[in-house]
Asker: 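After the structure tokens below, expect a handful of questions from me.
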Amino acid sequence: MYKNKNGFTLVELLAVVVILSILMVIAVPNIISTLDRNKKETYIGDAKKLIALARNQVGNRINKPGNGEIVRVNLSCLDNEDLPSDPEGNPYDETDSFVIVVRKEEQLVYYVNLIGRSSKGATRGIFLTDRANLDTDDRMKLVKKDVVAPTDIEIRNITGVSGNIRTCGN
């Protein structure tokens with residue numbers, strides 16, 4: 001009969017399964033964490049891109065804000081082909097995603113609100129924050145779930161400007 005059997009014993013197979021299980025327990029959370037961090041970075045990048053689109057239009061197609069005035073540039077007012085959807089694959093809300101432009105000490109300051117909305121109504125994005133915050137070490141904390149558009153009062157409080165809010169090119 002066969003004296004030289006080639007193959008694996010049950011103990012060897014169990015050892016391989018245990019080792020693979022341990023590797024999976026370690027690897028899967030790291031992979032999920034990396035994917036979530038990459039999605040957050042994409043939100044941050046899209047917010048910067050939205051500000052750049054608005055900055056390009058303010059002064060050209062959209063009038064600059066005067067002292068004490070707020071200009072709200074909705075995503076729908078911009079050429080937003082570069083921002084078709086959020087990192088989750090959901091479309092960005094064209095009304096609740098916008099850039100706020102205010103004049104402070106003769107300089108224009110830009111704030112962004114960026115919301116991706118799923119077909120079930122869930123939202124994720126960045127609540128109204130200024131451009132400088134998008135470059136800080138804490139920028140990942142800006143991306144949150146259940147984000148809603150700020151009210152006019154919140155816009156005035158966050159920007160520190162109490163004037164009228166003009167939307168898009170009005």
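The first residue of the sequence shown is numbered 1, and numbering continues consecutively from there.
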Asker: Starting at CZ of Arg156, measure out to OG1 of Thr151 and round the result to the nearest 0.5 Å.
Answerer: 9.0 Å
Asker: Pair Phe8, Val16 - check side chain to side chain contact (heavy atoms under 4.5 Å, CB included), show working.
Answerer: CA-CA 10 Å; Phe8 298 106; Val16 169; over 6 Å; no
Asker: Could you tell me whether the side chain of Arg61 reaches within less than 4.5 Å of the side chain of Cys77, counting heavy atoms only?
Answerer: yes
Asker: Sub-3.5 Å donor-acceptor pair from the side chain of Thr42 to the main-chain atoms of Asn38, do we have one?
Answerer: yes
Asker: Hey, mind stepping through Asn67 and Glu106 against side chain to side chain contact (heavy atoms under 4.5 Å, CB included) and telling me if it holds?
Answerer: CA-CA 8 Å; Asn67 287 328; Glu106 296 307 314; 4.0 Å; yes
Asker: Not counting sequence neighbours, list each pair that qualifies as a salt bridge (Lys or Arg N to Asp or Glu O under 4.0 Å) and has a residue in residues 6-26.
Answerer: none
Asker: If you define the side chain from C-beta out and look only at heavy atoms, does anything of Asn63 sit under 4.5 Å from Val71?
Answerer: no
Asker: Does Thr136 reach the main-chain N or O of Asn133 with its side chain, forming a donor-acceptor pair under 3.5 Å?
Answerer: yes
Asker: What residues form a side-chain contact (heavy atoms from CB on, under 4.5 Å) with Ser85, not counting sequence neighbours?
Answerer: none
Asker: Listing request: all salt bridge (Lys or Arg N to Asp or Glu O under 4.0 Å) pairs with a residue in residues 136-154, at least two apart in sequence or in separate chains.
Answerer: Glu41-Arg139
Asker: Can you sort out the partners of Ser119 under side-chain contact (heavy atoms from CB on, under 4.5 Å), two or more places apart, ordered by chain and number?
Answerer: none
Asker: So, using side chain to side chain donor-acceptor pair (under 3.5 Å) as the criterion, who are the partners of Lys64 when residues are at least two apart?
Answerer: none
Asker: Identify, with sequence neighbours excluded, every residue that meets side-chain contact (heavy atoms from CB on, under 4.5 Å) alongside Leu134.
Answerer: Ile44, Ala47, Lys48, Ile51, Val112, Ile126, Thr129, Arg131, Leu142
Asker: Enumerate the salt bridge (Lys or Arg N to Asp or Glu O under 4.0 Å) contacts for residues 110-121, please, sequence neighbours excluded, ordered by first and then second residue.
Answerer: Asp93-Arg117, Asp96-Arg117
Asker: side-chain contact (heavy atoms from CB on, under 4.5 Å) with Leu53: which residues, sequence neighbours excluded?
Answerer: Leu78, Leu83
Asker: For residues Pro87 and Lys39, report the shortest heavy-atom separation together with the two atoms involved.
Answerer: CG-O, 3.4 Å
Asker: Could you work out the complete set of other residues in the hydrophobic cluster of Phe127, with links drawn between I, L, V, M, F, W and Y side chains under 4.5 Å apart?
Answerer: Ile70, Phe98, Ile100, Val102, Val109, Tyr111, Ile115, Leu128, Val147, Ile155, Ile158, Val161, Ile165
Asker: Under the 4.5 Å side-chain heavy-atom rule for ILVMFWY, direct or indirect, which residues accompany Leu14?
Answerer: Leu10
Asker: When you look at Arg72 and Asn74, which way does the side chain to side chain donor-acceptor pair (under 3.5 Å) test go after all the steps?
Answerer: CA-CA 6 Å; Arg72 175 181 166 148; Asn74 290 342; 2.8 Å; yes
Asker: Would you say CD1 of Ile153 has more than 12 non-hydrogen atoms from neighbouring residues, nucleotides or ligands within 6.0 angstrom?
Answerer: no
Asker: What's the spacing between Arg37 CZ and Met140 CE if we round to 0.5 Å?
Answerer: 7.0 Å
Asker: State, yes or no, whether a side-chain contact exists between Asp46 and Asp86 at a heavy-atom distance under 4.5 Å.
Answerer: no
Asker: Looking at Met24, I want to see if its CE is surrounded by more than 12 non-hydrogen atoms of other residues, nucleotides or ligands under 6.0 Å.
Answerer: no
Asker: The criterion is side chain to side chain donor-acceptor pair (under 3.5 Å); which residues satisfy it with Asn113, sequence neighbours excluded?
Answerer: none
Asker: Output all residues satisfying side chain to side chain donor-acceptor pair (under 3.5 Å) with Asp36, sequence neighbours left out; order by chain, then residue number.
Answerer: Arg124
